[in-house]
**Student:** 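Starting off with a structure, shown below.
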Amino acid sequence: MSTEAEEKKDDASTSGIAANIITVDNYINGTFVTPTTGSYMPILSPFTSGTVGSVAVSAKADVDAAVSAASAAFPAWSSLTMKSRAAMMLKFHALIREHAQELAELIVLENGKNLTEALADVAKGNETVEYACSLPQLAQGKTLRVSGAVSCCDRRDPLGVVASIVPFNFPLMVPMWTVPIALVTGNCVVVKPSEKVPLTMRRVAELFKEAGFPDGVFNMVQGTREAVESLIDHKDVKAVTFVGSSPVANIVADRCRNLNKRVTALGGAKNHLVALPDCEVDGASSDIVVSYAGCAGQRCMAASVLLLAGEGPKQEELLKKVAEKAAKIEPGCEPGKMGPVIDAASHKKILGYIEAAVNGGAEILLDGRKWLDMPMPGDGCWIGPTIIKHNSPDDATMKEEVFGPVLSVYTVSSWTEAIEIENANPFGNAACVYTTNGGYADWFIGRFRAAMLGINIGIPVPREPFSFGGLYGTASKFGDLDITGDGALEFFTSRIKITSKWPVPDLKELVGSAGASGSVASAPVDQANFAGRM
């Protein structure tokens with residue numbers, strides 16, 4: 001065991017941000033613990049492809065230890081009032097704000113975001129922490145007298161030990177979608193960070209400790225498939241949340257359901273933007289660029305298809321401005337620049353989609369492959385913003401998730417065709433319409449087949465108390481409920497319903513016959529009450 005991760009200086013740097021070689025162990029019962037396997041894998045910087053750390057590769061025994069610690073902590077933690085748990089979370093909220101710059105620099109180092117995006121990752125994650133602090137005012141139960149002598153009430157009980165399996169693209173925000181709400185509602189948590197970006201959550205674990213959270217309440221296991229499967233299969237893990245690719249989300253959901261285990265598993269996306277000729281060109285063009293190229297396109301809410309409704313000078317002007325603004329983006333981690341994609345596999349996949357589109361006869365309006373021949377800030381996985389104008393809606397890049405800074409553009413002949421294309425895609429995360437006409441917007445909002453819709457907002461992420469999640473029955477969402485806001489409050493608790501009836505006192509005996517006479521009306525007969533009746 002080791003109480004702190006070993007650190008040593010290294011020559012690697014990321015555009016001026018110094019990198020430390022950090023060993024990321026499991027965090028179990030308030031202590032960093034080496035894996036039972038003794039195995040580690042390298043953490044590679046997307047900027048340089050160089051090693052910036054190593055992360056533990058855990059086995060089932062490590063998961064068992066983490067779950068055991070969480071189970072042991074649960075009785076005392078769940079017996080605290082929600083107000084007490086929220087007070088502790090408020091201290092954590094203050095620590096996240098205090099260390100925002102440090103956390104953002106870790107995100108830049110391991111994920112490749114620019115600094116502005118990384119600070120937004122931290123701020124949005126802390127916004128959910130803030131929401132969790134308000135849960136004592138939001139999670140109270142209901143009570144109602146349902147008949148003459150019968151009352152019903154309900155309360156929210158924590159589930160126990162819950163697991164959160166998170167992706168690489170938002171190292172702090174996505175874990176904060178679940179962990180704060182799960183903890184304040186009384187659960188104990190085991191997080192499995194992405195093995196590609198574990199540095200940020202390692203620091204977060206230290207901040208949970210500093211905020212005063214008892215040992216065992218928050219735990220982390222590092223690793224890959226064995227760690228994930230062991231968490232899902234563990235009999236004491238009562239619920240699982242997952243964010244990642246659609247094929248894996250489907251597998252996770254099926255595995256949990258076979259165990260009769262509560263699960264929400266969010267998958268990928270193919271988000272469509274529809275631009276009408278009346279849209280405000282300057283604002284729409286800026287929003288479209290940020291939506292598809294921000295975070296190097298590595299987010300499930302990123303725009304990937306722009307449908308131009310009709311032809312004409314306004315549509316030509318819009319497309320020209322989108323291309324001009326995207327072309328001005330430079331590589332780097334400074335504000336306003338675009339970082340690399342996460343790794344070589346993603347880089348190769350994105351290039352493959354661009355080449356397939358070219359081979360299929362599509363027109364490249366902006367070619368991000370030119371970055372391959374330019375001097376870059378590091379020897380990492382760089383590819384610039386790309387815009388492809390398609391001749392067919394059936395091109396692979398029009399239909400499949402690319403997960404990179406690539407925007408597919410297609411001109412539709414009618415609003416109906418735009419809706420048909422959007423509805424036909426297998427995903428159901430987000431869609432947006434750009435227009436200055438409320439009636440036009442309502443027409444599209446009523447017909448999109450997605451769960452998170454925007455009007456002149458290309459990244460229509462709901463803010464708390466509204467919850468985040470794709471549409472049921474699509475490749476964007478598997479399992480139950482949503483993953484933030486009021487959806488998470490429902491997910492991480494069980495509603496316990498209590499129906500009570502007390503004997504009616506003999507008022508004559510208590511207050512005397514004079515005081516009891518005529519003072520209480522007789523209760524009407526409740527025909528729906530089966531208590532004591534056959």
Side-chain angles (χ1 to χ4, degrees), residues 1-6 21-44 51-74 110 160-168 171 174-175 178-179 182 187-206 208-209 215-245 247-256 258-259 261 263 265 343 345:
M1 292 188 181
S2 61
T3 57
E4 59 181 331
E6 178 182 271
I21 294 293
I22 305 174
T23 299
V24 183
D25 285 316
N26 295 323
Y27 184 76
I28 299 173
N29 205 29
T31 304
F32 287 106
V33 183
T34 57
T36 58
T37 61
S39 298
Y40 292 83
M41 60 190 299
I43 306 166
L44 303 180
T51 300
V52 295
S54 61
V55 60
V57 179
S58 300
K60 181 179 181 298
D62 302 296
V63 171
D64 290 345
V67 175
S68 177
S71 297
F74 176 70
E110 65 181 350
V161 179
V162 298
S164 186
I165 303 161
V166 296
F168 75 83
V174 175
T178 57
V179 173
N187 302 280
C188 292
V189 177
V190 181
V191 174
K192 210 300 284 183
S194 168
E195 66 277 11
K196 298 176 183 179
V197 293
L199 300 176
T200 304
M201 283 305 293
R202 174 190 173 277
R203 184 69 180 106
V204 167
E206 294 175 335
F208 271 121
K209 181 88 168 180
D215 294 345
V217 168
F218 173 82
N219 307 272
M220 283 195 305
V221 288
Q222 312 295 341
T224 55
R225 181 171 181 169
E226 183 176 356
V228 170
E229 292 180 346
S230 299
L231 268 176
I232 293 170
D233 294 345
H234 200 292
K235 63 181 179 59
D236 292 334
V237 172
K238 304 303 181 185
V240 175
T241 66
F242 171 89
V243 179
S245 70
V248 180
N250 195 5
I251 292 168
V252 168
D254 284 348
R255 196 175 186 113
C256 288
N258 288 337
L259 298 168
K261 190 167 294 192
V263 59
D343 57 22

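Predicted model only: the values in this text are computed from it and were never measured.
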**Student:** How long is the span from the OH atom in Tyr27 to the CZ atom in Phe208, to the nearest 0.5 Å?
**Tutor:** 9.5 Å
**Student:** Under a 3.5 Å distance rule, please check whether Thr37 uses its side chain to pair with a backbone N or O of Ser39 as donor and acceptor.
**Tutor:** yes
**Student:** Between Glu206 and Arg203, does at least one N-O distance fall below 4.0 Å, as a salt bridge requires?
**Tutor:** yes
**Student:** Just checking, any donor-acceptor pair under 3.5 angstrom between side chains of Glu110 and Thr200?
**Tutor:** yes
**Student:** Kindly indicate whether a cation-pi arrangement holds for Arg202 with Phe32, taking the cut-offs as under 6.0 Å to the six-membered ring centre and within 45° of the axis.
**Tutor:** yes
**Student:** Give the minimum heavy-atom separation between Ala253 and Ala265, together with the two atoms involved.
**Tutor:** CB-CB, 4.3 Å
**Student:** Could you tell me whether a side-chain N or O of Asn187 sits under 3.5 Å from a main-chain N or O of Gly160, the two making a donor and an acceptor?
**Tutor:** yes
**Student:** Of all the heavy-atom pairs spanning Pro171 and Met201, show the shortest one and how long it is.
**Tutor:** O-CG, 3.6 Å
**Student:** Main chain of His234, side chain of Lys261: is a donor-acceptor contact present, judged purely on distance under 3.5 Å?
**Tutor:** yes
**Student:** Rounded to the nearest 0.5 Å, what separates atom OG in Ser164 from atom CZ in Phe242?
**Tutor:** 10.5 Å
**Student:** Apply side-chain contact (heavy atoms from CB on, under 4.5 Å) to the pair Val237 and Val67, showing each step before the final yes or no.
**Tutor:** CA-CA 7 Å; Val237 172; Val67 175; 3.8 Å; yes
**Student:** Determine whether Ser230 and Asp64 make a side-chain contact, defined as any pair of heavy atoms from C-beta on separated by less than 4.5 Å.
**Tutor:** no
**Student:** What I want to check is whether the side chains of Thr34 and Asp25 have a donor and an acceptor closer together than 3.5 Å.
**Tutor:** no
**Student:** First locate atom OG of Ser71, then atom CG of Asn219, and finally report the distance between them rounded to the nearest 0.5 Å.
**Tutor:** 9.5 Å
**Student:** Do Val252 and Val263 make a side-chain contact, defined as non-hydrogen atoms from C-beta onward lying under 4.5 Å apart?
**Tutor:** yes
**Student:** How about Val189 and Val217: do any of their side-chain heavy atoms sit closer than 4.5 Å?
**Tutor:** no
**Student:** Report the C-alpha separation of Leu231 and Val240 in whole Å, then their side-chain angles, then the decisive distance to 0.1 Å, and conclude whether the side-chain contact (heavy atoms from CB on, under 4.5 Å) test is met.
**Tutor:** CA-CA 8 Å; Leu231 268 176; Val240 175; over 6 Å; no
**Student:** Taking the side chain as everything from C-beta on, heavy atoms only, tell me whether Val179 gets closer than 4.5 Å to Val191.
**Tutor:** yes
**Student:** Is there a donor-acceptor contact under 3.5 Å from the side chain of Asp254 to the main chain of Ile251?
**Tutor:** no
**Student:** Does Cys256 reach the side chain of Leu259, with side-chain heavy atoms less than 4.5 Å apart?
**Tutor:** no
**Student:** Quick one: does Val57's side chain get under 4.5 Å of Pro35's, heavy atoms only?
**Tutor:** no
**Student:** Can you see whether Asn26 engages Ser58 through a side-chain donor-acceptor pair at a distance of less than 3.5 angstrom?
**Tutor:** yes
**Student:** Please tell me if the side chains of Thr241 and Ile165 come closer than 4.5 Å, counting only heavy atoms from C-beta onward.
**Tutor:** no
**Student:** Please lay out, stage by stage, how Val24 and Leu199 fare under the test side-chain contact (heavy atoms from CB on, under 4.5 Å).
**Tutor:** CA-CA 7 Å; Val24 183; Leu199 300 176; 3.5 Å; yes
**Student:** Taking only residues two or more places apart in sequence or in another chain, which ones pass side chain to side chain contact (heavy atoms under 4.5 Å, CB included) with Lys238?
**Tutor:** Leu159
**Student:** Whether the side chain of Lys192 engages the backbone of Gly223 through a donor-acceptor N/O pair (distance < 3.5 Å, no angle test) should be reported.
**Tutor:** yes
**Student:** With rounding to the nearest 0.5 Å, note down the distance linking CG in Asn29 to CG in Asp215.
**Tutor:** 5.0 Å
**Student:** Return the set of residues passing salt bridge (charged side-chain N to carboxylate O under 4.0 Å, His left out) with Asp343 (not counting sequence neighbours), or none when no residue passes.
**Tutor:** Lys196
**Student:** Output yes when a side-chain donor or acceptor of Thr178 lies under 3.5 Å from a complementary backbone atom of Pro175, and no otherwise.
**Tutor:** yes
**Student:** Can you confirm whether Lys60 is buried at NZ, in the sense that more than 12 heavy atoms of other residues, nucleotides or ligands lie under 6.0 Å from that atom?
**Tutor:** no
**Student:** Which atom pair, heavy atoms only, marks the closest approach of Val221 to Ala66?
**Tutor:** CG1-CB, 3.6 Å
**Student:** Taking all heavy atoms of Ala227 and all of Val63, pick out the closest pair and write down the distance.
**Tutor:** O-CG2, 3.7 Å
**Student:** Of all the heavy-atom pairs spanning Pro198 and Pro193, show the shortest one and how long it is.
**Tutor:** CA-CB, 4.5 Å
**Student:** Please examine the side chains of Met41 and Thr224, heavy atoms only from C-beta on, and report whether any two atoms are closer than 4.5 Å.
**Tutor:** yes
